[in-house]
Amino acid sequence: MSGNIDVRGLSCPEPVIRTKQALDQGLTNITVLADSRVSAENIRRLVKNYDCSCTVDDQNGEFTITINKEGK
Amino acid sequence: MNKRLIIVSGIIAGFFGVLLVRFGNPANMGVCVACFVRDISGGLGLHRAAAVQYIRPEISGFILGSFIIALFVGEFRARGGSSPIIRFFIGMAVMIGALVFLGCPLRMVLRLSAGDLNALVGLFGFIFGIYIGVLFLRRGFSLGRSYNLSSGNGMAIPVLAIILVILLMTAPIFIFFSESGPGAARAPFLISLAAGLIIGMVVQRSRLCQAGCFRDLMLIKDPHLLYGSLAIFVAAFIGNMALGYFKFGFAGQPVAHTDGVWNFLGLAVVGLGATLLGGCPLRQTVMAGEGDSDAAMVFLGLLFGAAFSHNFGLAASPAGVGAAGQWGAVIAGAFLLLVGFTFTLPKVKIPVKGGVTHER
């Protein structure tokens, strides 16, 4: 299952909570849209604890974090 | 990942927290966002508590340090619109709570590291307040999204910080300088400013946050930010031991009172408020420097709250917490709970397969 989350403009720690909720719901491919490096860093740290892989793509301050749970 | 950075930033904050006392800042108050914003409020004449009036350059340093480094690394971004007026009032509530305890979470750690056990009671209150905030967050609390703004919005607080420094340097007749009391205890201007700049820079990079450290432990079992707070404690503890400032116990601690109930409740208000805001007063000040105009509203709320606290006798003193302060803390706490309930919406639904959520 895959899903997209938009966490742009949300304060700490809401981006992380929403990503966590998505992971806890069993989604395996999640694309998170963020607009701050802090959010991207925090999500990356969360994902690491979930033993998932993720890539962060920075397009002029728009961060796309692609989380992949499969194969782990 | 950035573990070394968060620890280094904590060590630097703790180190200056003690060193500035050595250079003249009040005891156990080398750096404190609440106390220093309160002093600035007095220095500007917004309140007339004669003992706490001085435009502390450390605060301008936090803002400008963060501003400079954020520009340098490309993280300066003018943004805002996430419940600005609510954030202003939360900032005010946080200041009322902090002045009942006599310190922000940063000073709480500094007080703890100097053996002040009243701060331990405060720490329990702080954690309790954060726990209440986490309950709201788990149920979907949100102050809403912020959006990109034109850069002038992000410049406002850094410019204010510069104006404060100019006011201090030129000392026009209409600003106030305490002649006795904590406001008269001050490290030399350049040392204070430099320390503030350095702390602002490293905290901007490391995202050090005293409220976040317990919040993240509770929410996602992530100790990352806790390393920063522990580093402040250890560095300041070593400094206090080395300089002979360490004094273990409850009674006779500098700029502190022994009223446990209000030490607990004061910082519980701060913990809850900081969790609803998404960061402790230090972090909010640093974010205001990065262009976050919502954090800037919090900063103004702190400034206004400090003036309010002293004008209406809410602020505690070493003698204890007066009736007005007790009412102030209770009302501030009740306000924060009201905000918590009001801004907690039903659980966010995450659409499966495509579609980007824009529900709020």
Side-chain angles (χ1 to χ4, degrees), chain A residues 1-70, chain B residues 1-3 70 73-77 79-83 87 133-134 137-148 204 207 209 211-212 215-216 218-222 224-225 274-279 283-284 287 290 292 294-295 347-360:
Chain A
M1 276 201 300
S2 59
N4 297 335
I5 323 171
D6 179 4
V7 300
R8 288 177 299 179
L10 293 175
S11 311
C12 263
E14 292 168 49
V16 170
I17 295 177
R18 294 198 182 189
T19 308
K20 184 176 185 295
Q21 285 171 345
L23 284 164
D24 290 343
Q25 278 179 21
L27 300 190
T28 47
N29 292 295
I30 307 165
T31 307
V32 188
L33 214 54
D35 64 354
S36 81
R37 202 172 292 161
V38 180
S39 297
E41 285 168 7
N42 291 345
I43 290 167
R44 182 148 55 179
R45 220 170 34 243
L46 173 84
V47 167
K48 218 175 161 187
N49 293 341
Y50 267 76
D51 209 17
C52 300
S53 62
C54 82
T55 55
V56 179
D57 180 33
D58 176 3
Q59 297 276 356
N60 295 325
E62 286 266 307
F63 296 84
T64 309
I65 303 124
T66 314
I67 304 169
N68 197 334
K69 213 173 180 176
E70 283 165 340
Chain B
M1 195 160 41
N2 299 316
K3 197 167 157 184
V73 299
E75 286 187 0
F76 178 83
R77 190 165 59 88
R79 54 198 190 268
S82 166
S83 306
R87 287 180 189 269
V134 163
L137 284 169
R138 280 200 184 128
R139 282 162 180 73
F141 173 84
S142 177
L143 287 174
R145 293 178 193 274
S146 66
Y147 299 90
N148 289 339
Q204 197 282 337
R207 337 299 193 192
C209 174
R215 178 200 68 205
D216 285 357
M218 292 179 202
L219 266 176
I220 50 172
K221 300 183 179 63
D222 181 0
H224 177 75
L225 290 172
T275 307
L276 299 183
L277 290 170
R283 178 87 186 121
Q284 296 293 322
M287 290 201 302
E290 289 172 11
D292 186 334
D294 292 322
K347 219 174 175 184
V348 180
K349 262 193 168 173
I350 295 156
V352 176
K353 278 190 181 164
V356 173
T357 52
H358 271 299
E359 74 279 10
R360 60 177 193 197

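Letters A, B, ... are given to chains in the order of the sequence lines, protein chains preceding strands, and every chain is numbered from 1.
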> Considering residues at least two apart in sequence or located in another chain, which fulfil the salt bridge (Lys or Arg N to Asp or Glu O under 4.0 Å) criterion with B:R79?
Replying inline: B:E290, B:D292

> Tell me, side chain or backbone of B:L143 under 4.5 Å from chain A's heavy atoms, or both, or neither?
Replying inline: backbone

> If you measure from CZ on B:F141 to CD on A:E14, what distance do you get to the nearest 0.5 Å?
Replying inline: 7.5 Å

> Could you walk me through whether A:S11 and B:L277 pass the side chain to side chain contact (heavy atoms under 4.5 Å, CB included) check?
Replying inline: CA-CA 8 Å; A:S11 311; B:L277 290 170; over 6 Å; no

>> I want to check something: taking the side chain as every heavy atom from C-beta on, are B:R145 and A:D6 in contact at a cut-off of under 4.5 Å?
In response: yes

> Who among A:V16, A:D35, A:V7 has the most heavy-atom pairs with chain B under 4.5 Å?
Replying inline: A:D35

>> Which residues pass the salt bridge (Lys or Arg N to Asp or Glu O under 4.0 Å) test with B:R207, not counting sequence neighbours?
In response: A:E41, B:E75

>> Please find the pair of heavy atoms, one from A:R45 and one from B:D222, that lie closest to each other, and give the distance.
In response: NE-OD2, 2.9 Å

>> Does any part of the side chain of A:C12, heavy atoms only, come nearer than 4.5 Å to the side chain of B:M287, both counted from C-beta?
In response: no

> Any side-chain heavy-atom pair from A:P13 and B:L219 closer than 4.5 angstrom?
Replying inline: yes

>> Using every non-hydrogen atom in the two residues, find where B:R283 and A:V38 come nearest and quote the distance to one decimal.
In response: NH2-CG2, 3.9 Å

>> If you apply the rule side chain to side chain contact (heavy atoms under 4.5 Å, CB included), what do you find for A:K20 with B:I220, and how did you get there?
In response: CA-CA 8 Å; A:K20 184 176 185 295; B:I220 50 172; 3.5 Å; yes

